Amino acid sequence: MHSVPDHSIRISIDRGGTFTDVFASYPADESAGGGERREIITKLLSVDPTNYKDAPTEGIRRILEMVTGDKVDRKSLLPTDKIEFVRLSTTVATNALLERKGEKHALLITKGFHDLLSIGNQARPRIFDLAIRKTAPLYTDVVEVSERVTLVGFTSDPEQAVHAVEFDGEGNVCKPYSGEGAHKGLNEGDRVVKGVSGEAVHVMVPLDRERTRRDLERLFREGYRSIAVVLAHSYTFPEHELAVGEMAREIGFQHVSLSSQLVPMIKMVSRGISSTADAYLTPVLGAYLDGFYAGFQPSPTGAPALRVEFMGSDGGLLDLDNFSGLKAILSGPAGGVVGFSLTSWDADERAPVIGFDVGGTSTDVSRYDGRYEIVYETTTAGIPIQSPQLDINTVAAGGGSCLTFRNGMFQAGPESAGAHPGPACYRKGGPLALTDANLCLGRLVPEYFPSCFGPRENEPLDPEASERAFQVLLQSIKEETGQDMSLDEMTYGFVTVANEAMARPIRALTEARGFATSKHILASFGGAGGQHACEIAESLGISRILIHRYSSILSAYGLNLAERVFETQEPSSYVFGQESLPTLSRQLDKLSDTVRKELVRQGFTDDRIHLDRRLNMRFDGTDTALLISSAQDADFDQAFKQAYQQEFGFLLESRIMVDDVNVKGLGKTFDNLGESAFAELRRIETRPLSGETGAQKTNGHQSVYVSQPGSLKGARQEVPVYLLDKLEVGDVIQGPALIIDATQTIFVNASWQATVTSRHLVITREATSL
């Protein structure tokens with residue numbers, strides 16, 4: 001093992017529900033800067049309390065041992081001198097929200113709005129249920145703050161309000177607004193200021209600072225250390241929230257979530273619920289990160305010796321200063337979206353790609369068409385979150401999904417065997433799961449599967465345990481239904497049910513939005529993706545599948561490729577047009593300067609910074625806004641109409657309103673990934689593996705249950721097993737076949753063929769011409 005330069009090992013870690021995936025690279029020679037880098041990967045169980053406390057820390061320890069060749073004791077603090085950075089995606093915030101194990105916190109809200117967030121937006125997702133069960137709010141106490149502001153003149157055009165008053169140099173009003181639609185209670189001398197959005201704001205009731213301080217001190221005595229502050233119209237007038245936050249920090253509150261800083265947007269309910277989610281999750285995330293940092297040797301200065309970057313819900317990397325619970329809810333699957341998008345997109349062909357990430361606990365589905373698809377309001381665990389997130393549809397069907405027979409139906413999930421105890425074949429007495437089904441059908445080969453199971457995490461999968469459990473279930477089904485079926489037919493029935501559950505969110509992202517599913521490429525990844533990709537593609541009419549060589553750890557690999565992100569925005573209430581365009585452009589310029597300075601502070605030069613200037617636009621009289629990006633500020637109008645037509649199928653003749661001005665900055669961390677898999681496939685010479693040539697590259701045969709397309713029937717076949725590392729670029733493998741490497745098993749179904757490229761397997765139907 002050659003000497004490893006200091007600060008040269010780059011480690012990316014994706015902690016999933018069942019497995020933690022680790023991708024690392026280090027210099028091929030003893031030079032730390034530039035040059036060729038070697039890559040290594042490893043997988044370990046996310047939960048294994050008998051062997052380690054924290055999976056990411058254990059993953060780093062294993063990487064250090066593999067790269068340096070030195071033994072690193074599990075019980076000692078890990079050295080950091082060889083590590084350049086660690087990039088981490090974590091499900092800590094997501095799990096805390098799902099399991100309701102967040103931080104106890106209080107809500108401070110404008111007097112008179114005590115029950116606003118509890119009432120919510122009155123959405124009825126299950127309107128026909130006889131017994132409606134509302135999701136309980138995240139906060140445990142509410143304090144009403146004596147303050148009140150309102151907008152002067154309830155008009156959709158802030159210019160009407162602003163031009164009707166005269167402001168001094170400090171933004172205070174000199175002449176009250178008394179025109180049509182003015183607030184009737186406004187008197188000479190009342191305080192009216194210009195809000196951030198451009199609207200005139202009347203301070204009806206100044207903040208009662210003494211009473212608010214007394215309330216905060218009471219909360220502190222009662223043990224609260226986290227609060228969320230949500231005041232009316234604070235998106236445009238944040239002064240009162242900032243004052244409350246300053247008082248809270250003086251008293252000793254460890255975390256303060258101000259809605260005006262977190263989500264500076266109109267819609268008080270969404271802004272408020274998101275702020276309570278941040279107050280609920282950020283302390284939990286902070287406690288986890290404190291424990292994570294504690295596993296490493298400290299620096300002499302006492303500052304964190306380890307440089308850690310975190311994956312945000314929008315697919316961008318964040319440093320510790322900008323990472324919070326609100327931005328971490330989709331931290332886990334976001335790395336996979338980045339990974340498949342950057343490795344599957346063909347800039348010449350521009351065929352849209354469906355990301356199909358089958359993990360141990362769930363399947364995450366997303367779509368890429370040259371840009372990341374971002375949504376700004378989602379519902380997680382019944383809580384509506386207002387924060388930029390990748391548009392990811394998740395279904396509780398994965399390798400660990402429990403298989404049961406209930407009410408005469410086969411069911412896969414939503415319960416999961418998890419990492420501990422895991423499926424029955426994990427040798428810890430777990431329940432039957434989808435992994436057991438694939439094992440019994442021959443679609444997994446135990447001797448090539450990681451030997452990390454059993455009490456000492458050193459044993460292979462146990463196919464006998466899976467078969468025994470399935471035999472018991474088969475006998476139970478026969479007794480209950482009287483139907484006679486074989487073990488394979490029953491087992492494949494569960495796989496079919498799981499496949500349908502996985503295909504459903506793909507249809508929701510394509511057909512439900514007006515896109516032809518069959519015109520997409522299926523980018524399959526995740527530990528279990530390769531076992532289901534062909535059958536999922538068949539059910540959806542998709543004819544091309546891409547599987548990256550690192551597909552089983554593609555979320556970790558995506559972390560390695562991700563860009564640093566910093567985003568900021570301000571509210572606006574202008575009518576888009578020639579009159580407001582100069583004002584909007586000035587706002588965009590100001591925010592662009594803020595974003596650029598922040599990315600420069602984080603170490604990026606101007607040539608590696610890309611700014612995306614965007615407006616949140618809607619038709620006047622509607623409440624559905626679309627975030628529009630345009631290369632030229634004047635083209636926002638046309639870009640909005642095109643996006644609206646695509647989304648809804650019609651256009652309105654109303655004025656176009658601008659709700660928010662937004663700038664997103666990207667700091668590029670890599671230059672070029674080279675040619676796409678399809679470009680390479682058009683260039684290379686292919687050769688089918690058959691006869692003696694094919695026999696030389698096989699590693700034996702395996703009995704596999706091969707289904708007939710469009711049927712639940714099938715039969716056992718002896719199919720060849722290939723090791724991916726022994727295959728060469730240009731090799732073409734005819735299905736049915738198994739292709740295996742250290743971390744994944746790929747089942748190539750009958751009527752499909754797989755072609756090997758330098759970084760991918762390109763799997764196509766026989767009749768498909770490329």
Side-chain angles (χ1 to χ4, degrees), residues 121 123 155-159 197-198 235 263-267 269-271 314-315 341 350-354 366-379 384-393 505-517 519-520 567 569-585 587-588 591 611-664:
N121 56 16
T155 170
S156 59
D157 187 354
E159 290 295 331
S197 63
Y235 71 95
V263 193
M265 301 175 69
I266 202 170
K267 296 184 180 180
V269 172
S270 299
R271 175 163 49 89
D314 62 351
S341 300
R350 303 190 68 81
V353 187
I354 290 292
S366 50
R367 183 178 181 272
Y368 185 77
D369 194 6
R371 298 179 65 90
Y372 296 125
E373 296 193 351
I374 303 290
V375 292
Y376 276 77
E377 185 166 357
T378 58
T379 300
I385 303 296
Q386 189 92 26
S387 179
Q389 300 179 20
L390 291 168
D391 191 4
I392 301 173
N393 284 10
I506 297 178
R507 295 189 182 98
L509 277 181
T510 54
E511 293 172 359
R513 298 184 180 181
F515 302 111
T517 308
K519 294 183 179 180
H520 290 69
E567 182 176 348
Q569 72 178 38
E570 285 184 352
S572 175
S573 297
Y574 289 95
V575 176
F576 186 86
Q578 291 302 315
E579 293 184 357
S580 62
L581 190 57
T583 302
L584 294 171
S585 294
Q587 274 189 283
L588 287 166
L591 296 182
L611 299 181
D612 191 10
R613 296 157 65 98
R614 304 179 292 187
L615 299 180
N616 208 24
M617 308 173 76
R618 61 178 173 83
F619 281 115
D620 192 15
T622 71
D623 64 353
T624 302
L626 299 177
L627 193 65
I628 303 301
S629 175
S630 179
Q632 301 293 328
D633 290 355
D635 295 337
F636 278 113
D637 183 8
Q638 188 62 34
F640 168 73
K641 291 179 179 177
Q642 183 177 350
Y644 199 94
Q645 177 77 43
Q646 171 68 44
E647 183 78 15
F648 301 106
F650 62 90
L651 294 176
L652 300 176
E653 296 183 358
S654 306
R655 301 179 301 175
I656 298 175
M657 307 299 300
V658 179
D659 283 347
D660 305 282
V661 178
N662 178 290
V663 175
K664 181 177 182 178

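Because the structure is a prediction, the values reported are computed rather than measured.
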With side chain to side chain contact (heavy atoms under 4.5 Å, CB included) as the test, would you mind laying out the steps for H520 and F515 before giving the verdict?
-> CA-CA 9 Å; H520 290 69; F515 302 111; 3.8 Å; yes
Exactly one candidate in T378, V375, I374 meets side-chain contact (heavy atoms from CB on, under 4.5 Å) with P388; the answer is I374
L591 versus E570: any side-chain heavy-atom pair under 4.5 Å?
-> yes
Passes side chain to side chain contact (heavy atoms under 4.5 Å, CB included), I354 versus Y368? Steps please.
-> CA-CA 7 Å; I354 290 292; Y368 185 77; over 6 Å; no
Qualifying residue, where the test is side chain to side chain donor-acceptor pair (under 3.5 Å) with S629 and the options are D635, D612, N662 = D612
For the pair R618 and D659, find out whether any cationic side-chain nitrogen is under 4.0 Å from an anionic carboxylate oxygen.
-> yes
Start with the C-alpha gap between Y372 and D314, add the side-chain angles, then the distance that decides, and say whether side chain to side chain contact (heavy atoms under 4.5 Å, CB included) holds.
-> CA-CA 9 Å; Y372 296 125; D314 62 351; over 6 Å; no
Rounded to the nearest 0.5 Å, what's the gap from CZ on R367 to CG on L390? Could you check?
-> 14.0 Å
Who are the side-chain hydrogen bond (donor to acceptor under 3.5 Å, both in side chains) partners of N616, not counting sequence neighbours?
-> D660
So how far is it from F619 CZ to E653 CD, rounded to the nearest 0.5 Å?
-> 9.5 Å
Side chain S270, main chain K267, donor-acceptor under 3.5 Å | no
Do E373 and S366 have side-chain heavy atoms sitting under 4.5 Å apart?
-> no
R614 and Q569: side chain to side chain contact (heavy atoms under 4.5 Å, CB included), yes or no, with the steps?
-> CA-CA 9 Å; R614 304 179 292 187; Q569 72 178 38; over 6 Å; no
Under a 4.0 Å N-O cut-off, is there an ion pair linking D620 with R655?
-> yes
Pick from L584, I266, L615: which one makes a side-chain contact (heavy atoms from CB on, under 4.5 Å) with S572?
-> L584
Could you tell me whether D369 and R371 make a salt bridge, using a distance below 4.0 angstrom between a side-chain N and a carboxylate O?
-> no
Flag, side chain of S580 to backbone of V575, donor-acceptor distance under 3.5 Å | yes
Could you pull out every donor-acceptor pair under 3.5 Å between side chains of residues 639-646 and any protein atom, sequence neighbours left out?
residue, atom, partner, partner atom, Å
Q645, NE2, G649, O, 3.2

Heavy-atom check, side chain of M617 versus side chain of M657, under 4.5 Å | no
Please say whether the positively charged group of R271, taken as NZ for Lys or CZ for Arg, lies over the ring of Y235, i.e. under 6.0 angstrom from the six-membered ring centre and within 45 degrees of the axis.
-> no
Would you name the heavy atoms of Q587 and Y574 that are closest together and state the gap between them?
-> OE1-CE1, 4.3 Å
